[in-house]
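In what follows, chains carry the letters A, B, and so on, assigned in the order in which the sequence lines appear, proteins first and then strands, with residues in each chain numbered from 1. Side chains included, hydrogens not; waters and symmetry mates left out as well; all remaining heavy atoms used. Computed from a prediction, not measured in an experiment: that's the story for all the values here.
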Number of protein chains: 2
Amino acid sequence: MEDNSLDNRKKKVLQAIVEEYVNTAEPVSSTALTEHEELNYSSATIRNEMADLEKAGFLEKTHTSSGRIPSEKGYRYYVDELLKDDNISLEEIKYISEKLETKVNEIEELTKITTTTISEITHYTTVAIGPEKEAQLIEEMKFVLLGPRMLMAIILTNNGMIKETIIKFEEDITDKQVETIGYMFNQKLRGQPLAVIDVPLEEYLINEMKYSVKVIKPIIEQIKKAIDQDRQIYLEGANKSFDLPEFNSLEVAKNFVNVIDEKDLVADMLNTGFAEDINVYIGEENEKQELKDFSIVTFKHRVGDKDLGTIGIIGPKRMNYSKVISVMKYINNKLNNKNIE
Amino acid sequence: MEDNSLDNRKKKVLQAIVEEYVNTAEPVSSTALTEHEELNYSSATIRNEMADLEKAGFLEKTHTSSGRIPSEKGYRYYVDELLKDDNISLEEIKYISEKLETKVNEIEELTKITTTTISEITHYTTVAIGPEKEAQLIEEMKFVLLGPRMLMAIILTNNGMIKETIIKFEEDITDKQVETIGYMFNQKLRGQPLAVIDVPLEEYLINEMKYSVKVIKPIIEQIKKAIDQDRQIYLEGANKSFDLPEFNSLEVAKNFVNVIDEKDLVADMLNTGFAEDINVYIGEENEKQELKDFSIVTFKHRVGDKDLGTIGIIGPKRMNYSKVISVMKYINNKLNNKNIE
DNA sequence: GATTAGCAATCGAAACAAAAGAGTGCTAAA
DNA sequence: TTTAGCACTCTTTTGTTTCGATTGCTAATC
């Protein structure tokens, strides 16, 4: 294993290069760095440091005589060791607070608001997805007849979400039947994760409880379907990415549209391992090949102990990690203390 | 008013140019046209015809010595007079039929399926929006208590749509109250358009019917909000547009992403005047300036007499109008005869 | 030993020029 | 009315030159 420790001046140089490059999107030259107040050396000295940093893999050149840009390893070191997470202004704090205090009737609205706010503050494309069905426990189920052959099933979960779906039958259903179904489902499912609504349950109800296939099968099938496809994805500020110089490359732009157009890919992207509440994936660190030109910052989104899913920012590798992570940390904190009844 | 009648040969030339340009995206030269079987003339003759058509405003040149491309007037003439609407293969018919016969529990699913299918067959970006609230009549309303201060309102409309929303109160609500509310709302609103749920109704219920503000106000407000924002927009195949040569221009690409990212704009776009079931807007014919580089084909989407909203294709002016309109007509016909219970 | 000044070398970007190719418009002939 | 023929126009491509930014290295300096 190579030695990745850097002395103080090298750290400063690396940090300055990342921050400068994030701002300008242009390779950073040794002369430009001498203007940094903490780097009171001649350009030649900086050049030597840069050469060392390149040899160690933290920097790259676009061609022999160009300035340097951070490598993925460079970004990674920056994110892990150098980044400041207080890169958020008073105005931004105020704006975010106001947004998050909006009264919401449905908990999903809060996700929407948060997603939009993050996109507005960071100027990056932001996506969100609801919690996984394994993580949501059924608190109560209600069944409402909407017509002789049409039933609405409503599921209230422990994280405050409400899912409803319509089930159509091929024969009439009576009020009495609905009542029994309600009683039975609640008995069986209260406290269970949503994922439990699946074929084994269907078989149990039909075989053990002797319930009519014609009634049970459509209910289970439709609820399962609704739960699966109900993991709706919000997408905010897709156009914002197009103002970035990276998107002058048609290939990158096309790649980006392909990614955000592919809902499954976005879902996967938001669901990759969660060591921390906030996770950063830089370029090739992303599991999906399509994302190798981008960086993703994901963020477990909860209010108190209620898991509301994951919000993710997708931007260029030259992302303003400091701003993004500062904003996420602030929101994270704010939401944890939020009072939702 | 200028004379826009064209003799037969000119029509053939114009049609050939449109179709050739739609295929190749390259200006069409006189020599290329001589290879069309119906145009057995020398390139010089064709050149003369092209010069006439240009003078009359149907064609344009990109520069002095280039081939011709259709002008917007040219496309318009083509769409109105020359286009064949049987540009659909047996395989496509089969594919569409199968898709449209999928059993759906919720009527919105049918819109999704149709939208996806159109995008798959035409290879253009396709959007859909539900019917306007003026066009939907309330058939029945149900209210279900989900908690002491949480009520679900369900509205069934005459076009088979089901809208539900959650209302939260600041004080407890009793079963008795819910029952009265249900009775009252149904009495008052059955047969009325969704648009009726608004402030005047709120005032009437509070002043005339002496109902508690604390109960009525949140209900009306939340239902209104839900109806307004529930006009969800489906978007399919945004990435498909990026394969078109038009999108090699960054400006066009950016413009496109801006358009589809702006939900209100898409909604407006789908709601502009409806002379016919299928409407074509070419370039500058679009009311919105942002759409001047694109053509939109919209299509009133109904099953029997049930209005399901509007589906629209957005593509380059060099759109394959013939294919798009053939597909829409076929689907239109197919849906009209569809049996949904 | 660390730092710096100085300078040749390298490469990209921009400007310019020349050549090739595609297509038209027009004239005069069929 | 149609067509052959040809000069003319404009784009695209390719090559060349110049300019400027930046580096790496060497030798001098602190």
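- The ring-ring contact (aromatic ring centres under 6.0 Å, His included) test applied to Y77(A) returns F58(A), not counting sequence neighbours.
- Within 6.0 Å of NZ on K61(B) lie more than 12 heavy atoms contributed by other residues, nucleotides or ligands.
- In the interface, the side chain of S65(B) is paired with the base of dT9(D) through a donor and an acceptor atom under 3.5 Å apart.
- Each of N48(B) and G67(B) was matched to the nucleotide of DNA chain C holding its nearest heavy atom; the match closer to the 5' end belongs to G67(B).
- When each of M50(A) and S42(B) is assigned the nucleotide of DNA chain D bearing its nearest heavy atom, the one mapping closer to the 5' terminus is S42(B).
- Residue S66(A) has no polar side-chain atom (N or O) positioned under 4.0 Å from OP1 or OP2 of dA21(D).
- For dT11(D), neither phosphate oxygen OP1 nor OP2 lies less than 4.0 angstrom from any side-chain nitrogen or oxygen of K61(B).
- At a threshold of 4.0 angstrom between heavy atoms, the contacts of T31(B) with the nucleic acid are absent.
- Between dA21(D) and S29(A), no contact under 4.0 Å exists linking OP1 or OP2 to a side-chain N or O.
- Between the side chain of R68(A) and the base of dG24(D), no donor-acceptor pair of N or O atoms lies under 3.5 Å.
- Between F242(B) and F256(B), the angle of the ring planes goes over 60°, which puts this pair in the perpendicular group of the 30/60° scheme.
- If you check dT2(D), dT11(D), dC11(C) against the side chain of R9(B), the one that comes closest is dT2(D).
- For dA2(C), neither phosphate oxygen OP1 nor OP2 lies less than 4.0 angstrom from any side-chain nitrogen or oxygen of T45(A).
- Minimum atom distance to the side chain of A44(B) is reached by dA4(D), of the listed dT3(C), dC11(C), dA4(D).
- Of the residues D86(B), D85(B), D277(B), the one that meets the salt bridge (Lys or Arg N to Asp or Glu O under 4.0 Å) test with K329(B) is D85(B).
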